[in-house]
Amino acid sequence: MTAAEIKEERWFAPPDAGDDELDVAEILQKHAGQRGGLIAVLADIQSRWGYLPESALRSVSAAMDRPLADVYGIATFYRAFSLTPRGEHLICVCLGTACHVRGGPGVAEEIGRQLGIHSGQTTDDGRFTLETVNCLGACALGPVVVIDGHYYSKVTRLRVAGMLEDAREGRLGTAEGREHRLPIEVACPRCNHSLMDAGHPIDERPSIRVTVGFGEDYGHLRLSSWFGSQRSGSESEIPAGRLTDFLCPYCHQGLTGTDACPECEAPLVTLLVRGGGAVRLCSRQGCPTRRLDLP
Amino acid sequence: MSRWKEWIGMINLAINGFAVTVEDGSTLLEAAQFLGFPIPTLCHLEGLSPYGACRLCVVQIGQGDRARLVSSCTYPAQEGLRVWTASNRVLRARRMVLELLLGSCPQSKTIQDLASAHGVRQQRFRQEQEDCILCGRCVRMCREQMVAGAIAFRGRGATRSIGTPFDRNSEQCRLCGGCLYVCPACELRCTYTDAPERAVCGGCANLAPPCAEQEGFDHMMCYMNPCVACEIPTPEPQPGVPS
């Protein structure tokens with residue numbers, strides 16, 4: 001699951017006392033008759049309310065005929081579950097080994113100092129929750145901080161204020177928020193030829209050049225090599241919403257894979273990232289889906 | 001192998017070099033203890049399911065490079081298995097386990113006795129005066145014998161603890177005291193009733209002053225309110241959830 005997907009699952013309507021009971025019953029109904037479905041039920045409750053309310057744990061315990069102590073034990077065991085409401089923005093600081101030696105703890109401390117909270121706490125105004133995780137799997141980019149699913153790489157104490165500002169201003173994931181973007185270098189997964197095009201920079205970096213086919217027409221499409229930026233350029237006009245065939249400009253093999261875009265169900269295109277991992281993007285013109293899968 | 005052994009469900013294995021025959025389905029611990037080979041245990045208790053938490057009952061199975069240590073209380077006896085219950089490697093492992101247990105809970109009489117019996121003469125680890133070694137005896141007692149399920153493990157890693165959900169009185173708790181009874185860390189029951197000067201404490205937490213003089217019960221291993229041993233009601237829990 002990508003960070004963006006996690007983020008989307010996490011943020012839902014704020015806790016509403018009115019329909020608590022009803023919805024827990026609904027979730028329980030969905031998982032009724034499944035053996036060992038406790039974690040699935042708790043995960044659904046967590047994603048519905050952003051945390052596990054005590055009343056919900058009691059309902060689950062009663063409905064699934066498990067002691068409350070068991071349910072509570074599982075709810076406290078997994079880091080994905082939270083017993084207290086989380087803030088509007090969730091900040092995850094990676095303290096895995098690589099991030100740790102590159103100064104992750106200092107970054108966590110600085111964020112905590114600026115927000116006046118410790119790890120695991122939420123600010124009084126309910127805007128930020130600070131959590132530490134033990135590895136995000138992006139060790140080469142460490143120290144890594146994720147705010148609401150947006151990755152900040154090589155974070156220093158000096159950048160903390162700007163990152164928090166981005167979150168406060170709602171600039172995460174938009175063109176103005178620059179810090180969250182990740183420079184990537186990609187290659188064709190078929191012939192391993194680099195797709196970087198230094199001759200036509202976009203966003204002051206070499207662009208990614210691929211051949212696209214739509215109907216009878218073919219042309220070059222250039223994409224920004226900043227992961228997180230949607231800017232692109234093309235010699236010919238591609239109608240928005242049009243499904244396109246992505247081809248490698250060097251080996252002319254198709255890049256379109258079998259996975260479908262979660263947004264519009266068009267096939268996803270896979271490009272290799274130098275240094276490991278893959279980036280996937282939607283083959284429908286104008287669809288914003290981009291996924292970065294790091295090893 | 002004679003046919004009758006197979007017929008009545010017996011299996012052959014070698015314990016400390018002796019060829020023995022034990023009932024199929026028994027664990028190595030049961031087999032060894034039945035035949036008179038002593039294996040020390042801590043988290044094991046007859047009548048409760050095997051748990052394998054304390055690792056004190058380790059034995060060596062296999063030979064040569066393939067030899068490995070397993071917890072005998074959870075390992076089923078297998079046909080042809082070669083078990084060593086007191087090899088040098090086993091004894092060394094047990095001594096290390098005891099030294100670590102002694103470091104986390106030095107006031108426990110049970111652990112002191114075990115350490116003494118195994119010749120642990122030094123302690124290289126900082127004493128932590130923990131009141132719980134997370135052996136899970138009370139959890140299993142509560143669930144399996146008392147069919148209550150009032151307490152369970154909570155959290156994980158360094159913050160793992162045993163207690164009631166939300167640190168509040170459990171509706172399932174019937175104040176049976178079974179958890180206190182089986183606890184290896186607090187064998188010495190608190191005798192505090194009305195005369196604090198005559199109290200012999202160390203029951204629920206430390207050898208330190210009687211429970212009444214402590215700030216609260218939150219760091220003691222007493223999940224009952226009022227405690228059936230010392231009859232002091234637990235103060236109302238603080239609002240909020242433990243981290």
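Values below: all heavy atoms of this structure, side chains included; hydrogens, waters and symmetry mates excluded. Letters go in sequence order (proteins before strands), and every chain restarts at 1.
The minimum heavy-atom distance linking R143(B) with D70(A) is given by the pair NH2-OD1, 2.6 Å. The shortest heavy-atom contact between L57(A) and F166(B) is CD1-CZ, 3.6 Å.
Surrounding CG of D124(A) are at most 12 heavy atoms belonging to other residues, nucleotides or ligands under 6.0 Å away. Within a 6.0 Å sphere centred on CD of E165(A), other residues, nucleotides and ligands contribute more than 12 heavy atoms.
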List the atom pairs, donor and acceptor, that lie under 3.5 Å between side-chain atoms in residues 46-55 of chain B and the rest of the protein, sequence neighbours left out.
{"residue": "S49(B)", "atom": "OG", "partner": "E144(B)", "partner atom": "OE1", "Å": "3.4"}
{"residue": "S49(B)", "atom": "OG", "partner": "E144(B)", "partner atom": "OE2", "Å": "2.6"}
{"residue": "R55(B)", "atom": "NH1", "partner": "G52(B)", "partner atom": "O", "Å": "2.7"}

* Hey, mind stepping through L68(A) and E171(B) against side-chain contact (heavy atoms from CB on, under 4.5 Å) and telling me if it holds? -> CA-CA 9 Å; L68(A) 180 63; E171(B) 292 121 35; 5.6 Å; no
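Heavy-atom distances place both the backbone and the side chain of E54(A) under 4.5 Å from chain B. Using a 4.5 Å cut-off between heavy atoms, R66(A) makes no contact with chain B at all.
Here CZ of F77(A) is found 7.0 Å from CZ of R160(B). Values are rounded to the nearest 0.5 Å.
No other option in G149(B), C142(B), G157(B), G155(B) has as many heavy-atom pairs under 4.5 Å with chain A as G155(B).
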